[in-house]
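One structure below.
Keep in mind that the numbers below use all heavy atoms, side chains included, and drop hydrogens, waters and symmetry copies. Keep in mind the model is a prediction, meaning the values are calculated, not measured. Throughout, a chain's letter reflects where its sequence line sits, starting with A, and its residues are numbered from 1.
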Protein chains: 2
Amino acid sequence: MTTDSFLADCRARLAFDLLSNTWSAVVLWALRDGPGRPRELRERIGGISSKVLTETLRRLQFNGLVERHAFAEAPPRVEYRLTALGRTLLVPIEAFGAWAFEHGDEVMAAQDREAAGAPRPQP
Amino acid sequence: MTTDSFLADCRARLAFDLLSNTWSAVVLWALRDGPGRPRELRERIGGISSKVLTETLRRLQFNGLVERHAFAEAPPRVEYRLTALGRTLLVPIEAFGAWAFEHGDEVMAAQDREAAGAPRPQP
DNA sequence: CGGAATCCCACCAGATACTG
DNA sequence: CAGTATCTGGTGGGATTCCG
């Protein structure tokens, strides 16, 4: 990890690939306070469609970050919750969130500065 | 930040959007030991095309994470380096890399487990 | 050598409608 | 209410080529 392949390395890029989807990190974060049903998660998150939420949860489940529990009840009930592994990922995610809160203004200022100089596409 | 909008919040998602591109984090990391010319960066990174490297650097520059220095010399020379802001982002990036090294095996094991149960697409 | 221009493909995610 | 099916547009990024 003192080498320059720290990130180019397949292994190190894994974490980024896990969260490369638009909603993966958001959904993980929405589950941090406890299990949730799809409907509830959509309310916690806001702006995510049923389909995309399901897809995202499936991916997270596939990667062992989330567990799905289906209850055989009269009105169908499903619950998602973080696995132990998924919970460990909250730490680096939070680090990013903290960074954004701390440096978000600087980024937006830089964007304005650059946009003023030469119009460029956005991330 | 104690609310549930920590990540759903535009502000907090900023960091993820900054690195949502495949190569952004890798390029930032490649610059952590010092400035580099495009050719050199491509060698440090491996597997990135000239076009994509340029695009990535332009985006990073637009967001104030990277500076571009062009020298008016006989053989054209260009150098990229991290800004102070870009350097601060290395910390959370490293946190992700560390996570990947620590938990990568668990993820791959989970993938195998899930794949065995019901074939699913990958992230 | 740096990088801009083209062409092209694959994938993500949104909208909508339907099933159990 | 949970989840699926289908169609669609936008875009990221790979390969190639040409210009200063």
Side-chain angles (χ1 to χ4, degrees), chain A residues 7-8 10 13 16-28 30-31 35-63 66-81 118-123, chain B residues 7-8 13 16-28 30-31 35-63 66-81 114 118-123:
Chain A
L7 259 179
C10 285
R13 291 198 40 202
F16 288 94
D17 291 340
L18 287 180
L19 302 179
S20 64
N21 298 98
T22 305
W23 295 101
S24 295
V26 181
V27 170
L28 274 186
L31 284 169
R37 304 176 58 175
R39 179 82 196 283
E40 187 193 354
L41 290 176
R42 290 182 59 190
E43 288 164 3
R44 287 193 206 174
I45 294 170
I48 188 173
S49 72
S50 170
K51 175 208 164 195
V52 173
L53 175 62
T54 302
E55 287 176 349
T56 304
L57 286 166
R58 287 283 186 283
R59 258 191 309 264
L60 294 173
Q61 182 184 5
F62 180 83
N63 293 318
V66 156
E67 280 173 352
R68 191 185 112 113
H69 293 276
F71 302 88
E73 295 180 358
R77 194 161 74 96
V78 178
E79 231 180 51
Y80 292 91
R81 64 187 61 190
R120 294 285 180 191
Q122 209 146 338
Chain B
L7 258 178
R13 291 198 41 200
F16 288 95
D17 292 339
L18 287 181
L19 302 179
S20 64
N21 297 97
T22 305
W23 295 101
S24 295
V26 181
V27 170
L28 274 186
L31 284 169
R37 303 176 60 176
R39 179 83 196 283
E40 186 194 353
L41 290 176
R42 292 182 57 191
E43 288 164 2
R44 287 192 206 173
I45 294 170
I48 188 173
S49 72
S50 168
K51 175 205 165 196
V52 173
L53 174 62
T54 301
E55 286 175 350
T56 304
L57 286 167
R58 286 283 185 285
R59 257 192 310 265
L60 294 173
Q61 181 183 5
F62 180 84
N63 294 317
V66 156
E67 279 172 352
R68 191 184 112 111
H69 293 276
F71 302 87
E73 297 179 357
R77 194 162 74 96
V78 178
E79 231 181 52
Y80 293 91
R81 63 187 61 189
E114 297 288 334
R120 294 283 182 193
Q122 208 147 338

Calculate the interatomic distance between [X] atom [atom1] and [N] atom [atom2]; express it in whole Å.
X        : N       : atom1 : atom2 : answer
Leu60(A) : dC12(C) : CG    : P     : 13 Å
Phe71(A) : dG20(C) : CZ    : P     : 24 Å
Glu73(B) : dG2(C)  : CD    : C1'   : 13 Å
Glu43(A) : dC1(D)  : CD    : C1'   : 12 Å
Leu57(B) : dA4(C)  : CG    : P     : 11 Å
Leu53(A) : dG14(C) : CG    : C1'   : 14 Å

Classify the nucleic acid contact of [X] as base, sugar-phosphate or nothing, counting any heavy atom under 4.0 Å across all strands shown.
X        : answer
Tyr80(A) : sugar-phosphate
Arg37(A) : sugar-phosphate
Pro38(A) : sugar-phosphate

### Query
Which heavy-atom pair separates Arg42(A) from Ser50(A) by the least distance, and what is that distance?
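In this case the closest contact between Arg42(A) and Ser50(A) is NH1-CB, 3.5 Å.
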### Message
What I want to find out is whether Glu55(B) reaches Lys51(B) closely enough, with some N-O distance under 4.0 Å, to be called a salt bridge.
### Response
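Result for this pair is yes, salt bridge flagged.
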### salt bridge (charged side-chain N to carboxylate O under 4.0 Å, His left out) partners for Glu43(A), two or more places apart
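Residues passing salt bridge (charged side-chain N to carboxylate O under 4.0 Å, His left out) with Glu43(A): Arg39(A).
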Could you tell me whether the side chain of [Y] reaches within less than 4.5 Å of the side chain of [X], counting heavy atoms only?
X        : Y        : answer
Leu41(A) : Ile48(A) : no
Val78(A) : His69(A) : no
Leu53(A) : Trp23(A) : no

Pairs under 3.5 angstrom, nitrogen or oxygen only, protein versus nucleotides 13-17 of chain D, please.
{"unit_1": "dG13(D)", "atom_1": "OP1", "unit_2": "Thr22(B)", "atom_2": "N", "d": "2.4"}
{"unit_1": "dG13(D)", "atom_1": "OP1", "unit_2": "Thr22(B)", "atom_2": "OG1", "d": "2.0"}
{"unit_1": "dG13(D)", "atom_1": "OP2", "unit_2": "Asn21(B)", "atom_2": "ND2", "d": "3.4"}
{"unit_1": "dG13(D)", "atom_1": "N7", "unit_2": "Lys51(B)", "atom_2": "NZ", "d": "3.4"}
{"unit_1": "dG14(D)", "atom_1": "OP2", "unit_2": "Trp23(B)", "atom_2": "NE1", "d": "3.1"}
{"unit_1": "dG14(D)", "atom_1": "N7", "unit_2": "Lys51(B)", "atom_2": "NZ", "d": "3.2"}
{"unit_1": "dG14(D)", "atom_1": "O6", "unit_2": "Lys51(B)", "atom_2": "NZ", "d": "2.5"}

### Message
Using OP1 and OP2 only, check whether a side-chain N or O of Arg42(A) sits under 4.0 Å from dA2(D).
### Response
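The answer is no; no side-chain N or O of Arg42(A) sits under 4.0 Å from OP1 or OP2.
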